[in-house]
Student: 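My questions will all concern the structure given below.
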Amino acid sequence: MKRRNFIQSISIGLCASALNVSANTYLPKTNKTRVIVIGGGIGGINTAQSIKANDPENKIEVIILERNKTYFACPMSNTLFGEIKEVIKDEGITFHYDYNTTIKNHNINVIITEVLNADIQKKTITTSNGKLSYDFVVVATGISNDYKKSFPKWDNTKIQKAKKETPSGMISDSGVEKNILLKQMQTWKKNGGDGDFIIVPPFGGKVRCLPAAYERACMVSEFIKKYKLKGKVQILDNSSSPKAKGAKFIEMFMKYHKDTINFNGMTGQDMENRIIKAGYTLDNFKSKENFSIVEESFSTAKVQDVDFDKKQLKVKINDNFDDDNGFIKYFNYSIANIMPRHKANITTELFKVKKDKWGAIICAPKRLYSVSDNSVYAIGDIVGFHKLSPSAQVSSSMGIILGKSIAKRILENKDKLDMTEAGITCFSMVSSQPLKAIEIAKKIKITKKGQAKPYGTTTSFTNGYGLIGWYQAVVETPFKY
Ligand SMILES: Cc1cc2nc3c(=O)[nH]c(=O)nc-3n(C[C@H](O)[C@H](O)[C@H](O)COP(=O)(O)OP(=O)(O)OC[C@H]3O[C@@H](n4cnc5c(N)ncnc54)[C@H](O)[C@@H]3O)c2cc1C
């Protein structure tokens, strides 16, 4: 058995047991410079592959430590809720990936193991298999849900109930939460689709893929239309318009999902009436200036509590047009998809470097390593200091640039990173017939403080095949080839 395969198989076999072995007995260090990447998600895998792509003489040892045997890619996975035929039929799109291609084609060691601790003084990582030492570490652990911040009064039992019964489907857990929701939808369909599918977008703080909640609403609506179900999608949002791509989503809700999506209690017809009442037409409300006035007149819906036994949400509604004091309304649900606030993945806490309030690693100006330890790099959603939205495109394009920079630092002693080479693109599938998506694209500039920051946003409607092509190029490629 080859050494690499042996290591992977012992990793899988011993996953649950914490061995008290020294760093060197677990995986002895060679004379190569060792880079450990924590997390084999979109940021981690791109960084790891890019380091090796820029290491022609094989002087760098790259090891990915990942807790799940397979990665479930989140981008575009909302189309599974809509059973979009271009995604599920024919050869279909793959969402689950293993790491065999990365091990074979990229000369990277992937160990399936849970990271349990980190000592940045001694440069060691403790995993469920034992300790490993590193020269550089790249933290790429993604996000965790923050129920405590969203529902401070909930105890642990209630949080566990929420995870099982009304999961978010927004974290990288090999698709566990998403499968719960998809299964619930099949039961809902079997029972005639009575009652509503409630979506509660994350209410506050930095959020992974802000438009994902509204994209999911459109996809569940497609499911309702396909099977002619009685229920509707109810979006209950603390914001008076979708928090990303606002005007475009409102336009889509009215155009394609008029009878199947209610936004904060308003049907598509109510939204149309409200726009007209605010003095705009269905064409001119979309301009940036007009929309900021229109959205002020829409309602907000703040979810206060959930009764899992009654399947009921307690919600404070404020109809901002009439400027009243708001009222409490109870919403019954058949399915509830409650997305709490996000925070940096809790594994990030193990690295005792400077963090912001969200838990992200504060990076040095113009760099993606920690401001307090330049051997600790950050990539993906957990990057702090820079103003980058947590997204696959940012994680992937920054990962490629970062990998090149790490290789140059090790091989040529040159510490350079040009983050303006990265890009931001975000698609949301909004209808199945015709297959349509909203696309936003941004460029990145570096401010005087050395912060990477988006600018020059363009928003457009595109053919949904553009999203499929983007997914294949950006998300599928690093796992499949
Ligand atoms: C529904 C949905 C739709 C989305 N749509 C888009 C889109 O259209 N466009 C877009 O650009 N982005 C989209 N995103 C966002 C995108 O998926 C994330 O921003 C991206 O995955 C972040 O990459 P990452 O590497 O930071 O984290 P992840 O991809 O989450 O990877 C983190 C990895 O770290 C591993 N890990 C964590 N802790 C440990 C530990 N202790 N030990 C070992 N391994 C660990 C996890 O298992 C995981 O594999 C969407 C997200 C969702 C949920």
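We count ligands from 1, going down the list as the structure has it; atoms in each ligand are counted the same way. No experiment lies behind these values; they were computed from the predicted model shown.
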Student: Between D135 and K123, does any side-chain N to carboxylate O distance fall below 4.0 Å?
Tutor: no

Student: What are the atoms of ligand 1, with element, lying closer than 4.0 Å to any heavy atom of E114?
Tutor: 41 (N), 42 (N)

Student: Less than 4.5 Å apart, any side-chain heavy atom of L181 and any of K183?
Tutor: no

Student: Do the side chain of K158 and the main chain of V306 share a donor and acceptor less than 3.5 angstrom apart?
Tutor: yes

Student: Considering only the protein, which heavy-atom contact is closest to atom 23 (O) of ligand 1, and what is its distance?
Tutor: S395 OG, 3.4 Å

Student: Could you tell me the residue and atom name of the protein heavy atom closest to atom 42 (N) of ligand 1, and the distance to it rounded to 0.1 Å?
Tutor: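 Going atom by atom, the protein heavy atom closest to atom 42 (N) of ligand 1 ends up being V115 N, 3.0 Å.
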
Student: Tell me which part of W470 gets within contact of ligand 1: side chain, backbone, both or neither, using heavy atoms under 4.0 Å.
Tutor: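 Just the side chain.
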
Student: Looking at D119 and K352, is there a salt bridge between them, counting it only when a charged N and a carboxylate O are closer than 4.0 Å?
Tutor: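 Judged by the 4.0 Å cut-off on N to carboxylate O distance, K352 and D119 do not form a salt bridge.
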
Student: When you measure from atom 18 (C) of ligand 1 to each heavy atom in E66, Q393, R208, which option holds the nearest one?
Tutor: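 Heavy atom nearest to atom 18 (C) of ligand 1 belongs to R208.
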
Student: Counting only heavy atoms not in K404, do more than 12 sit closer than 6.0 Å to its NZ atom?
Tutor: no

Student: Heavy-atom distances under 4.0 Å are what count here, so tell me which part of F427 touches ligand 1: side chain, backbone, both or neither.
Tutor: backbone

Student: Looking only at protein heavy atoms, identify the closest one to atom 45 (C) of ligand 1 and say how far it is in Å.
Tutor: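 Ranking protein heavy atoms by distance from atom 45 (C) of ligand 1, first comes R67 CG, 3.8 Å.
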
Student: Does the ring of W358 carry K206 above it, NZ/CZ under 6.0 angstrom from centre and within 45° of its axis?
Tutor: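 Flagged: K206 positioned over aromatic ring of W358.
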
Student: Please work out, at 4.0 Å between heavy atoms, whether the side chain, the backbone, both, or neither of P390 comes within that distance of ligand 1.
Tutor: backbone

Student: To check your reading of the model: name the closest protein heavy atom to atom 32 (C) of ligand 1, its residue, and the distance in Å.
Tutor: A140 O, 3.3 Å

Student: Which protein non-hydrogen atom lies closest to atom 30 (O) of ligand 1, naming both residue and atom, and how far is it?
Tutor: S172 OG, 2.4 Å

Student: Heavy-atom contacts under 4.0 Å between N345 and ligand 1: side chain, backbone, both, or neither?
Tutor: side chain

Student: Less than 4.0 Å between a side-chain N and a carboxylate O, is that true for K163 and E177?
Tutor: no

Student: Both conditions, 6.0 Å and 45 degrees, for the charged tip of K248 above the ring of F461: are they met here?
Tutor: yes

Student: Of the backbone atoms (N, CA, C, O) and the side-chain heavy atoms from C-beta on, which set of T347 has a member under 4.0 Å from an atom of ligand 1: side chain, backbone, both, or neither?
Tutor: side chain

Student: How far is atom 31 (O) of ligand 1 from its nearest protein heavy atom, and which residue and atom is that?
Tutor: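 Going by distance alone, atom 31 (O) of ligand 1 is nearest to G41 CA, 3.2 Å.
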
Student: Write out the residue and atom name of the closest protein heavy atom to atom 22 (C) of ligand 1, then the distance separating them to 0.1 Å.
Tutor: D381 OD1, 3.2 Å

Student: Under the side chain to side chain donor-acceptor pair (under 3.5 Å) rule, what do K189 and Q186 come out as? Steps first, then yes or no, please.
Tutor: CA-CA 5 Å; K189 181 181 89 180; Q186 292 305 323; 3.2 Å; yes

Student: Counting only heavy atoms, which portion of L65 has something under 4.0 Å from ligand 1: side chain, backbone, both, or neither?
Tutor: backbone

Student: Please write down residue, atom name and distance for the protein heavy atom closest to atom 50 (C) of ligand 1.
Tutor: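 Sorting protein heavy atoms by distance from atom 50 (C) of ligand 1 puts C209 CB, 3.4 Å first.
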
Student: Compare T141, L350, I111 and give the one whose heavy atom is closest to atom 37 (C) of ligand 1.
Tutor: T141

Student: If the cut-off is 4.0 Å to any non-hydrogen atom of Y71, which atoms of ligand 1 fall inside it?
Tutor: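 Here the atoms of ligand 1 in question are 21 (O), 28 (P), 29 (O), 49 (O).
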
Student: Just jot down the ligand 1 atoms closer than 4.0 angstrom to any heavy atom of K178, in number order.
Tutor: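 Counting from 1, the qualifying ligand atoms are 1 (C).
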
Student: State the atoms of ligand 1, each with its element, that fall below the 4.0 Å cut-off from a heavy-atom position in N68.
Tutor: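 Selected atoms, number and element: 47 (O).
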
Student: Given side chain to side chain donor-acceptor pair (under 3.5 Å), test E439 with W470 step by step and report yes or no.
Tutor: CA-CA 11 Å; E439 178 188 1; W470 170 86; over 6 Å; no

Student: Does the plane of the ring in W154 sit parallel, tilted or perpendicular to the ring in Y147? Use 30° and 60° as the thresholds.
Tutor: parallel

